[in-house]
Amino acid sequence: EAQVTQNPRYLITVTGKKLTVTCSQNMNHEYMSWYRQDPGLGLRQIYYSMNVEVTDKGDVPEGYKVSRKEKRNFPLILESPSPNQTSLYFCASSQNYNEQFFGPGTRLTVL
Amino acid sequence: QKEVEQNSGPLSVPEGAIASLNCTYSDRGSQSFFWYRQYSGKSPELIMFIYSNGDKEDGRFTAQLNKASQYVSLLIRDSQPSDSATYLCAVPPSGSGYALNFGKGTSLLVTP
């Protein structure tokens with residue numbers, strides 16, 4: 001089954017404790033992206049990657065890191081999480097122009 | 001930042017009626033337009049895309065595009081309670097490649 005997977009789906013952590021949210025797609029898509037979704041603010045892009053070793057900032061990259069060492073994986077790293085990073089996070093991938101497939105989401109709470 | 005604007009709603013329509021969802025965008029260079037549906041707590045899923053001025057129909061859904069007015073809409077005919085969701089309009093910035101700018105979404109409630 002073609003899909004985008006994310007882990008963990010739910011995470012509660014404390015301020016400053018480094019964490020990684022994994023994203024993997026099995027569709028051989030070149031483009032992958034991370035979004036956060038907050039009430040009243042909609043979906044905002046954090047980082048995206050056009051291909052292996054090619055990443056770039058989206059609209060809200062502060063406090064986040066990404067890497068793209070393999071085509072299928074695009075982990076999101078929070079080196080020192082803060083409460084304002086409490087959000088619902090989505091990973092997405094795409095091969096065709098603009099048709100993005102979303103993962104199931106990761107709900108992160110930073111205390 | 002190129003803007004994509006939607007009324008947040010909620011838009012409430014009775015079962016069987018036509019729901020009309022609207023979206024305006026600021027980037028005159030945008031060439032393609034997407035509608036995603038998002039159920040509460042779930043991820044967005046693509047339901048329609050349109051590239052050319054005019055109407056595009058797919059089952060109960062019709063997308064309408066007017067590039068001169070920078071306006072795209074989604075009509076849902078014979079609305080069902082299962083259509084109750086948030087509908088996101090997405091527009092790629094001109095020259096952006098794969099990126100998408102999303103509107104904040106319109107919440108639709110279809111009442112039995």
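The chains referred to below are lettered A, B, ... by the order of the sequence lines, with proteins before strands, and numbering in each begins at 1.
Within a 6.0 Å radius of CZ in B:Phe49, other residues, nucleotides and ligands contribute 12 heavy atoms or fewer. The environment of A:Ile12 atom CD1 is sparse: at most 12 non-hydrogen atoms of other residues, nucleotides or ligands sit within 6.0 angstrom. Few gaps surround CG on B:Asn22; more than 12 heavy atoms of other groups in view lie less than 6.0 Å from it. In A:Arg44, the CZ atom is crowded: over 12 heavy atoms of neighbouring residues, nucleotides or ligands sit closer than 6.0 Å.
Counting all heavy atoms, side chain and backbone alike, A:Phe102 lies closest to B:Pro44 at CD1-O, 3.5 Å. Closest approach of B:Ser43 to A:Gly103, counting heavy atoms only: CB-O, 2.9 Å.
In the hydrophobic clustering of ILVMFWY residues, with side-chain heavy atoms under 4.5 Å counting as a link, B:Val13 and B:Phe61 come out together. The hydrophobic cluster containing B:Ile76 also contains B:Phe33, counting ILVMFWY residues as joined when their side-chain heavy atoms lie under 4.5 angstrom apart, directly or transitively. Cluster membership for A:Leu76 and A:Leu88, using ILVMFWY side-chain heavy atoms within less than 4.5 angstrom, is not shared. Linking Ile, Leu, Val, Met, Phe, Trp and Tyr whenever their side-chain heavy atoms come within less than 4.5 Å puts A:Leu78 and A:Leu11 in one cluster. In this structure, A:Tyr47 is a member of the same hydrophobic cluster as A:Tyr89, with clusters built from ILVMFWY side-chain heavy atoms closer than 4.5 Å.
Contact of B:Gln38 with chain A is made through the side chain alone, with heavy-atom distances under 4.5 Å. Proximity to chain B (any heavy atom under 4.5 Å) is shown, for A:Phe101, by neither the backbone nor the side chain.
By the 4.5 Å heavy-atom criterion applied to side chains, B:Phe34 and A:Gln100 are not counted as neighbours. In this structure the side chain of A:Tyr35 reaches within 4.5 angstrom of the side chain of B:Leu100, judged on heavy atoms.
For residues 103-112 of chain B, the interface with chain A (any heavy-atom pair closer than 4.5 Å) comprises B:Lys104, sorted by residue number.
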